[in-house]
Amino acid sequence: MSTDFEQRLNQILGRITADDFLKGRGLGNEIPFYAFDYPPEQELAVREHIAFLLAQVPKQRPELCIAHVNLFSLIIDTLKARGFYDKALAKQRQQGDQALLKALAAPLDAGKLATALLDQTEPANQDVVLVSGIGSAYPLLRTHNLLNNLHAGMGSTPLVLFYPGTYDGQSLRLFGLLQDRPYYRAFRLVGG
């Protein structure tokens, strides 16, 4: 017997390869952003399932282009590219987390990270973009800020956010505990 969570995971592949999903049918003029929210304790299962999706999509629909970005890896790569990574580690060791967060506020601005994500994925050349690593990126990046900065750059390419927490169609709640600002422009990927 499979759990509700496993049933929801098993619906993702069919959903993201369906023509209606890929063409944004039924969304009106809304942006094609989707959230797959899940219990944070299922993080490892979700990571495995993303790897499964990345392997299966080309087998089921070889013509589709799919990109995946782990936000935490994107943050690390951005810091390294700008020469801030080693400095950030030293600052955290010497002055603590709050000093590090303050120092990284400008280099890790949501607009800059959105630009890095768009550069890495090239949404115009993709059929779907998957985004994970949200929990690991907290508190360096707030999800609603990133999504707000991605609106224009994603165009009509669907974005699927794998979110360790809850999304009720109105607001994101990271880890099921931390209230983010209201974000009502995404759709739930599969029921739950």
Side-chain angles (χ1 to χ4, degrees), residues 1-18 20-22 24 26-27 30-61 64 66-77 108 110 113-114 117 120-121 123 126-151 154 157-192:
M1 181 160 105
S2 65
T3 66
D4 178 56
F5 170 71
E6 291 167 334
Q7 290 174 358
R8 289 181 64 231
L9 277 180
N10 291 333
Q11 293 173 12
I12 297 172
L13 180 60
R15 179 87 164 108
I16 67 172
T17 57
D20 285 350
F21 174 85
L22 296 166
L27 297 182
E30 292 295 326
I31 54 173
F33 285 8
Y34 298 86
F36 180 83
D37 57 340
Y38 59 91
E41 60 271 15
Q42 297 292 347
E43 178 67 29
L44 295 179
V46 169
R47 289 180 193 177
E48 288 176 10
H49 198 75
I50 291 169
F52 166 79
L53 294 171
L54 294 171
Q56 290 302 309
V57 168
K59 293 177 183 175
Q60 287 199 6
R61 300 274 312 262
L64 294 182
I66 188 167
H68 171 240
V69 174
N70 179 296
L71 287 181
F72 187 68
S73 296
L74 181 71
I75 287 171
I76 299 299
D77 293 345
L108 296 182
L113 288 175
L117 187 147
Q120 183 176 328
T121 61
Q126 304 298 329
D127 294 296
V128 180
V129 174
L130 307 178
V131 178
S132 67
I134 283 76
S136 301
Y138 177 82
L140 298 170
L141 177 65
R142 298 302 295 255
T143 308
H144 72 278
N145 289 338
L146 177 69
L147 293 176
N148 285 331
N149 281 280
L150 286 172
H151 288 177
M154 288 298 298
T157 303
L159 179 142
V160 177
L161 183 73
F162 289 89
Y163 192 79
T166 57
Y167 179 61
D168 63 9
Q170 296 295 315
S171 62
L172 298 161
R173 195 172 198 77
L174 189 62
F175 310 127
L177 303 170
L178 303 171
Q179 185 72 38
D180 215 336
R181 291 203 176 121
Y183 187 83
Y184 55 89
R185 295 197 69 181
F187 301 93
R188 291 200 79 204
L189 183 63
V190 294

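Position 1 is the first residue of the sequence, and the numbers go up from there. Because only heavy atoms are used, hydrogens play no part in the values below, and waters and symmetry mates are left out as well, while side chains stay in.
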* Criterion side chain to side chain contact (heavy atoms under 4.5 Å, CB included) on Y167 and L161, from CA distance to verdict -> CA-CA 11 Å; Y167 179 61; L161 183 73; over 6 Å; no
* V131 to I134 - nearest heavy-atom pair and separation -> O-CD1, 3.9 Å
* Asked: What's the spacing between L13 CG and F52 CZ if we round to 0.5 Å?
  -> 5.5 Å
* Structure fact -> Closest non-hydrogen atoms of A55 and P58, given as atom of the first, atom of the second and distance, are O-CD, 3.5 Å
* Structure fact -> Heavy-atom nearest pair, F175 first then P40, reads CA-CG, 3.4 Å
* Asked: Yes or no on side chain to side chain contact (heavy atoms under 4.5 Å, CB included) for R8 and D37, after CA distance, side-chain angles and deciding distance?
  -> CA-CA 10 Å; R8 289 181 64 231; D37 57 340; 3.0 Å; yes
* Asked: Measuring from L53:CG to H68:NE2, what's the distance to the nearest 0.5 Å?
  -> 9.5 Å
* Asked: Given D127, which of L64, T157, I66 fulfils the side-chain contact (heavy atoms from CB on, under 4.5 Å) condition?
  -> L64
* Taking C-beta and beyond as the side chain, do R47 and S132 meet within less than 4.5 Å on heavy atoms? -> no
* Asked: Taking all atoms of both residues into account, what is the closest heavy-atom pair of R15 and F21, and its distance?
  -> O-CB, 3.1 Å
* Check P39 against F5 and note the closest heavy-atom contact, atom names and distance. => CD-CD1, 4.1 Å
* Give the minimum heavy-atom separation between Y163 and L174, together with the two atoms involved. => OH-N, 2.8 Å
* **Reported OG1-to-CE distance for the pair T121 and M154, which is rounded to 0.5 angstrom** => 5.5 Å
* **Any donor-acceptor N/O pair, R61 side chain to A18 backbone, under 3.5 Å** => no
* Would you say F72 has more than 12 foreign heavy atoms packed within less than 6.0 Å of its CZ? -> no
* To do: Supply the atom-to-atom distance N145 CG to L108 CG, rounded to the nearest 0.5 angstrom.
  => 12.5 Å
* Asked: CG of L113 to CG of L71: how many Å apart, nearest 0.5 Å?
  -> 8.0 Å
* To do: Please answer whether the main-chain N or O of T3 pairs with a side-chain N or O of E6 as donor and acceptor at a distance below 3.5 Å.
  => yes
* Asked: Yes or no on side chain to side chain contact (heavy atoms under 4.5 Å, CB included) for L130 and L54, after CA distance, side-chain angles and deciding distance?
  -> CA-CA 9 Å; L130 307 178; L54 294 171; 4.1 Å; yes
* **Interatomic distance, L146 atom CG to L74 atom CG [nearest 0.5 angstrom]** => 8.5 Å
* If the plane angle is over 60° it's perpendicular, under 30° parallel, otherwise tilted; pick one for F36 and F162. => tilted
